[in-house]
Amino acid sequence: MDKARIGVTGLAVMGRNLARNFARHGHSVAVHNRTPSKTKALVDEFGHEGTFLPAETPEDFVASLERPRRLVIMVKAGAPTDAVIDEFAPLLEPGDMIVDGGNAHFADTRRREAALRERGIHFVGTGISGGEEGALHGPSIMPGGSAESYEALGPLLEDIAAKVDGTPCCTHVGPDGAGHFVKMVHNGIEYADMQLIAEAYDLLRHGSGLGPAEIADVFRTWNTGRLESYLIEITAEVLAHVDAATGKPFADVVLDQAEQKGTGRWTVQIALDLGVPVSGIAEAVFARSVSGHADLRRAARNLPGPSRTGGAGEGFADAVEKALYASKIVAYAQGFHEIQAGSAEYGWNVDAGAMATIWRGGCIIRARFLDRIRAAYEADPATPTLLTDDHFAEALGDAQDAWREVVATAARLGIPAPGFSTALAYYDSLRADRLPAALTQGQRDFFGAHTYRRVDRDGSFHTLWGGDRTEVEA
Ligand code: 6PG
């Protein structure tokens, strides 16, 4: 019997749909699951879609793969990934590849890659975005690992990835953990984008007094313009949905406590280590965290503040659209800054423009906007920030009055808008001639002799604050 071109172990919905996607593209696929009933169910239900080779044992699974073996593991990130690697690695030979398609932490991926490299096995930490539908119909795929492994694996992954203008949403991101790092930042940006959209909804709801169905229409209109994206599209769907049990808007019957599985938090933790200000992503993570603190919210409910209802004035929806676009530019600029900082730190040589290219389709943050980012990097691959790209600078300039008005209105009405506010603060911080960081330096020198640099001379200095306040060279 012919061997399979690729194998998938872990047949929960993502693994199952990925296996079907390979099969539908004419690639024979070996399938395996710890509980064999899932393997059987997959073949029974979808066997007609292509060539599946079901295997009950790890040994049979590995034996059914053509060499070099391409083995995709789709299990819950963390200890289960290590367990599966420990189970399969002894059955593999040098040159074979293990592809981890879960949301692993890139540091774990680096560790696993190094350990398997010693044994001649390629470990390919791969970000896959797009949820279950994406896995089946074309996700955005972010593989790390060796260039050699991409030669054997890339064509298959590019086949099953989403396509935009004929270009697959898949490329070799860089060595070892680069793929999972980029997927992590993708998710951080996803958090920021979702938070900004949520704030726009809240402002329209309470500032303009619109109902969820009316706001759904506003989002539908926005989705025909520069904000066109999957997240805006599904936001309109969610807002228009009516709860069958109560007849109320769905948005009003869902508990307002947002959960998270960790990738957004990792993006912020790593940004702190790298010294990259990803304030938009951080506020999005904290906003979820605040929402979940029911006890704090209950305790603080009666604190004084303005009424949150009405008073936003004419043309507010247009102003919110501008504030959303401007804040989104900032959030993405911060995420791309983190990718570039991570790439420099770990020597990955990640092509930022290529990341924007493969995020145009398939993934959760897919958007027309990403083609603008691709173009910005094409125009200036070394740009320190996307904010200064001609298109984005013009859009920010055009939006800024409205942006300030929206942030001021939010503050005046007592509507929390941490994403919009922090994005504007970042914009103004970068624009500022002088920041009060000079005063911070003075304070540090005063209480701890931490020294400071001067604008007019090289070197480090300290003022004798406790003495005659002369300045000495440090
Ligand atoms: C994707 C998503 C996905 C992620 C979910 C849930 O790119 O397909 O990012 O990988 O797991 O969005 O994330 P949270 O539970 O942390 O919101």
Side-chain angles (χ1 to χ4, degrees), residues 10 12-18 21 72-78 80-81 99-106 108-109 125-144 157 160-162 164 169-171 173 177 179-198 229-235 237-238 254-271 278 280-292 331-332 335 338-339 355-367 369-370 419:
V13 66
M14 285 294 286
R16 190 180 63 174
N17 283 358
L18 214 58
N21 194 349
V72 182
I73 56 180
M74 293 299 294
V75 297
K76 199 166 153 20
T81 309
V99 181
D100 173 15
N103 268 334
H105 194 292
F106 78 97
D108 285 335
T109 301
T126 301
I128 301 180
S129 178
E132 0 183 315
E133 283 296 299
L136 183 60
H137 299 293
S140 173
I141 311 182
M142 297 151 250
L157 298 181
I160 65 156
V164 173
C169 295
C170 172
T171 193
V173 175
H180 275 143
F181 185 95
V182 163
K183 175 59 174 33
M184 172 189 80
V185 177
H186 164 284
N187 281 24
I189 292 174
E190 171 186 305
Y191 277 49
D193 209 337
M194 291 168 72
Q195 173 64 20
L196 293 171
I197 291 172
S229 62
Y230 173 70
L231 284 172
I232 295 280
E233 180 193 327
I234 65 162
T235 301
E237 296 286 324
V238 173
V254 176
L255 189 68
D256 60 344
Q257 297 181 17
E259 297 179 15
Q260 51 185 312
K261 289 204 264 309
T263 45
R265 188 173 64 239
W266 293 346
T267 310
V268 178
Q269 287 170 335
I270 300 305
V278 290
I281 300 170
E283 286 295 355
V285 174
F286 285 135
R288 290 195 191 191
S289 167
V290 167
S291 79
Y332 280 67
E338 181 165 355
I339 289 178
M355 299 306 104
T357 305
I358 64 168
W359 288 350
R360 293 181 306 170
C363 62
I364 303 295
I365 63 169
R366 62 184 180 262
F369 175 74
L370 281 151

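As the structure lists them, so they are numbered: ligands from 1, and atoms in each ligand from 1.
- In this structure, Asp193 and Ser229 have side chains that are not in contact, with every pair of non-hydrogen atoms separated by 4.5 Å or more.
- Across Ser291 and Gln257, no two heavy atoms sit closer than the pair O-CG, 3.2 Å.
- Applying the side chain to side chain donor-acceptor pair (under 3.5 Å) test to Arg360 and every residue at least two apart in sequence or in another chain returns Asp371.
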Give me the pairs of N or O atoms, one from ligand 1 and one from the protein, that sit under 3.5 Å apart.
unit_1, atom_1, unit_2, atom_2, d
ligand 1, 7 (O), Ser129, OG, 2.4
ligand 1, 7 (O), Lys183, NZ, 3.2
ligand 1, 8 (O), Ser129, OG, 3.4
ligand 1, 8 (O), Gly130, N, 3.0
ligand 1, 8 (O), Gly131, N, 3.3
ligand 1, 9 (O), Asn187, OD1, 2.9
ligand 1, 9 (O), Asn187, ND2, 3.1
ligand 1, 9 (O), Glu190, OE1, 2.7
ligand 1, 9 (O), Glu190, OE2, 3.3
ligand 1, 10 (O), Asn103, ND2, 2.9
ligand 1, 10 (O), Lys183, NZ, 2.8
ligand 1, 11 (O), Asn103, ND2, 3.3
ligand 1, 12 (O), Glu190, OE2, 2.6
ligand 1, 15 (O), Lys261, N, 3.4
ligand 1, 15 (O), Lys261, NZ, 3.0
ligand 1, 16 (O), Tyr191, OH, 2.4
ligand 1, 16 (O), Lys261, N, 2.8
ligand 1, 17 (O), Arg288, NH1, 2.9

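- Every residue was checked against the side chain to side chain donor-acceptor pair (under 3.5 Å) condition with Asn17, not counting sequence neighbours, and none meets it.
- For the pair Lys261 and Asn103, the minimum side-chain heavy-atom distance is 4.5 Å or more.
- Residues satisfying the side chain to side chain donor-acceptor pair (under 3.5 Å) criterion with Thr126, sequence neighbours excluded, are absent altogether.
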